[in-house]
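Computed from heavy atoms alone, side chains included, the values below leave out hydrogens, waters and symmetry copies. Here the structure is a predicted model, which is why all the values come from computation and not from measurement. Letters A, B, ... are given to chains in the order of the sequence lines, protein chains preceding strands, and every chain is numbered from 1.
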Amino acid sequence: MIVLPIFGRKIRFMKNFIEELRWRGMLHDVMPGTEELLNSGMTKGYIGFDPTADSLGVGNLVQVMLLLHFQQCGHKPIALVGGATGMVGDPSGKSQERNLLNEEILAHNLACQKAQLEKFLDFNCGEQSAEIVNNYDWFKNFSFLEFIRDVGKHITINYMMAKDSVQKRLDSGMSFTEFSYQLVQGYDFYYLWKHMGISLQMGGSDQWGNIVTGTELIRRKESGEAFALTTPLIKKADGTKFGKTEGGNVWLDAKRTSPYQFYQFWLNAADEDSKNFIRIFTLKTKDEIEALEAEHEKAPHLRLLQKELAKDITIRVHSEKDYNAAIEASEILFGKGTAEALMNLSESDLLSVFDGVPQVEFPKSALDGGINVIDFLVEKTNIFPSRGEARKMIQGGGVLINKGKVESENRNLDSADTIKGKYILAQKGKKNYFLVVLK
RNA sequence: GGGGAGAUACCAGAGUGGCCAAAUGGGACGGACUGUAAAUCCGUUGCGCAAGCUUCGGAGGUUCGAAUCCUCCUCUCCCCA
């Protein structure tokens, strides 16, 4: 969105949101009439977030970016945190009945997610300010009888049964609770439409069914009109699931996924994927992206796209400072001739570089007079489960101490092999680091 | 209730008395190559420096010698009622 001060007041030139999503590859399905609605002026739109964890993951990031693009195009984004829906459990894409979360955990999760959303969206820009709503607010005093009279009456079982999310579970079974989920989410949309003038719900393509139940409810209950739009499921070129690494989910919370690991996640994207990701996860314009792509083609090994992507998103989710630390860490871990650089790191930098790397404690006194590497790696620190394995890997050239290859299994370590007298960095292969802390 | 098949390492799956620490494939890990990618190639994959030790569902037994034969137990699958 471009804001120009003219005659002392701000005039907004809206970008076409649908067009924007289209070239970014973020549009899967859109209900007829949605584009007209958006072009007619500032629109309020919302996306629901499922409070199953106390942090959003990169999988949720698509939706967060969707809201951000929405706001950038001159509209008003609303994030709905599912205090009530979280208690029911969305069956979409789930093959099994879910465990219900208790209220305490839900409240904690909601608060954490809220804090994360606030990093992305502008909550203080006049009428377009983002808002966060919690559907528990309007569900907590809604009685079951009222619900089945006011909401259930308008939607037929036949309609609900036809939903994909229900069909897929017909064989394996599904509780009434999960079956009702679409009505609960549908009512959210109705409530927001009725009381806040929100006429658009967005979400992942798996949410289409639930969203449409909402527009249907609005139509049947009040002959009102509401719209829907979904993003495609993110696919990776190699077919594996987006948002996971060997270590599990990639989270936005620095306590779960360190900024360094987060940065690395994006940096490691395949070339093909990075082209899609940079469109989805950054606000860069089409021209900027195409220029970057052309640049990338000329020298693919520099991985310019991945670097720009990782930079943009790491700064947005964490901070400029965390980004710089991640770069520094990456250079030390993957750069060349870094043994010296490692020794010269300040202690606080060292610790932040190796944040997220397993740490092992080791008695400092045991170094006096030297200790054999294998004893060190196996008996004292359990970096290797057995002596034989450690020995074999040393022979294969896969063990490094302080970035220097261990040439022989007879190598001894003493106080000269420490970093600042306090740490030893052990490496099993290229990627597995262990920071040994001397006590 | 009756009948049959089976249980082997991370997984799948050979092995039916010594040549078995156990084929082969996958996975995992390491190395080379590379772009911290993909593909490919090489190596490792029970413990031990070694002698050797402990492993083939569990417990006993036969034998100089058992994953392999016998007995009992536990569990899984299939077929018929």
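Remark: C1' of A39(B) and CG of Asp271(A) are 14 Å apart, rounded to the nearest angstrom. At whole-Å resolution of the value, CD in Glu331(A) and P in G35(B) are 17 Å apart. If you measure from atom CD of Glu389(A) to atom P of G48(B), you get 9 Å, rounded to the nearest angstrom. Atom pair Lys428(A):NZ and G30(B):P shows a separation of 8 Å (rounding to whole Å applied).
Checked against side-chain contact (heavy atoms from CB on, under 4.5 Å), Asn135(A) has the following partners two or more places apart in sequence or in another chain: Leu80(A), Ala84(A), Thr85(A), Trp138(A), Phe139(A), Asp188(A). Applying the side chain to side chain donor-acceptor pair (under 3.5 Å) criterion to Arg303(A), with sequence neighbours excluded, gives no partner residue. With sequence neighbours left out, the ring-ring contact (aromatic ring centres under 6.0 Å, His included) criterion links Phe189(A) to Tyr46(A).
Aromatic ring pairs are classed by plane angle as parallel below 30°, tilted from 30° to 60° and perpendicular above 60°; the pair His75(A) and Phe70(A) is parallel. Under the 30°/60° scheme for interplanar angles, the aromatic rings of Trp266(A) and Phe262(A) are found to stand perpendicular. Between Phe281(A) and Phe242(A), the ring planes are parallel. Angles under 30° get that label, and only those over 60° would be called perpendicular.
Within the 4.0 angstrom heavy-atom criterion, only backbone atoms of the sugar-phosphate kind lie near Asn432(A); the bases stay farther away.
A residue-by-residue look at Lys392(A) and Gly396(A) shows that Gly396(A) has its nearest nucleotide of RNA chain B further toward the 5' end. Judged by closest nucleotide on RNA chain B, Leu267(A) is the one of Leu267(A) and Val378(A) placed further toward the 5' end.
At distances below 3.5 Å, not a single donor-acceptor pair connects side-chain atoms of Lys44(A) with backbone N or O atoms of Lys76(A). The closest donor-acceptor contact from the side chain of Lys428(A) to the backbone of Ile383(A) lies under 3.5 Å.
With a cut-off of 3.5 Å on both Watson-Crick or G-U wobble distances, the partner of A67(B) is given as none. Remark: U40(B) base-pairs with A32(B). Criterion, Watson-Crick or G-U wobble with two distances under 3.5 Å. Base pairing of A23(B): no nucleotide in any strand meets the Watson-Crick or G-U wobble criterion (both distances under 3.5 Å). Base-pair partner of U16(B): not found among the strands shown (Watson-Crick or G-U wobble, both distances under 3.5 Å). Pairing for A5(B) is with U76(B), a Watson-Crick or G-U wobble pair whose two hydrogen-bonding atom distances lie under 3.5 Å. If you check G52(B) for Watson-Crick or wobble pairing at under 3.5 angstrom, you find it paired to C47(B).
Annotation: C79(B) and A22(B) have their C1' atoms spaced 33 Å apart (nearest Å). Across U24(B) and G4(B), the matching P atoms stand 36 Å from one another, rounded to whole Å. Using atom P as the reference point in both C47(B) and C10(B), the two lie 10 Å apart (nearest Å). G26(B) sits 11 Å from G13(B) when the C1' atoms are compared, rounded to a whole Å. Comparing C69(B) with G6(B), their P atoms are spaced 11 Å from each other, to the whole Å. Taking atom C1' in both G46(B) and U8(B), the straight-line distance is 14 Å, to the nearest Å. Nucleotides C56(B) and A37(B) have their C1' atoms positioned 41 Å apart, rounded to a whole Å.
Between the base of U44(B) and the side chain of Gln395(A) there is no donor-acceptor pair shorter than 3.5 Å.
Annotation: proximity of residues 301-310 of chain A to RNA chain B (heavy atom, distance under 4.0 Å) is found for His301(A), Arg303(A), Gln306(A), numbered in ascending order.
Checking the phosphate oxygens (OP1, OP2) of A32(B), a side-chain nitrogen or oxygen of Lys430(A) falls inside 4.0 Å. Remark: Ser386(A) is in phosphate contact with G48(B), judged by side-chain N or O atoms under 4.0 Å from OP1 or OP2.
Between C29(B), C49(B), U36(B), one nucleotide has an atom nearer to the side chain of Arg387(A) than all others, and that is C49(B).
A salt bridge does not link Lys420(A) with Glu347(A): every distance from a Lys NZ or Arg NE/NH1/NH2 to an Asp or Glu carboxylate oxygen is 4.0 Å or more.
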Tabulate protein N/O versus nucleotide N/O from nucleotides 50-52 of chain B, keeping only pairs under 3.5 Å, one per line.
none

Exercise answer: donor-acceptor pairs, residues 25-37 of chain A side-chain atoms, under 3.5 Å, sequence neighbours excluded:
from: Thr34(A); atom 1: OG1; to: Met31(A); atom 2: O; distance (Å): 2.5
from: Glu35(A); atom 1: OE2; to: Asn16(A); atom 2: ND2; distance (Å): 3.3

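Taking the side chain as every heavy atom from C-beta outward, Ile424(A) and Ile401(A) approach each other to under 4.5 Å.
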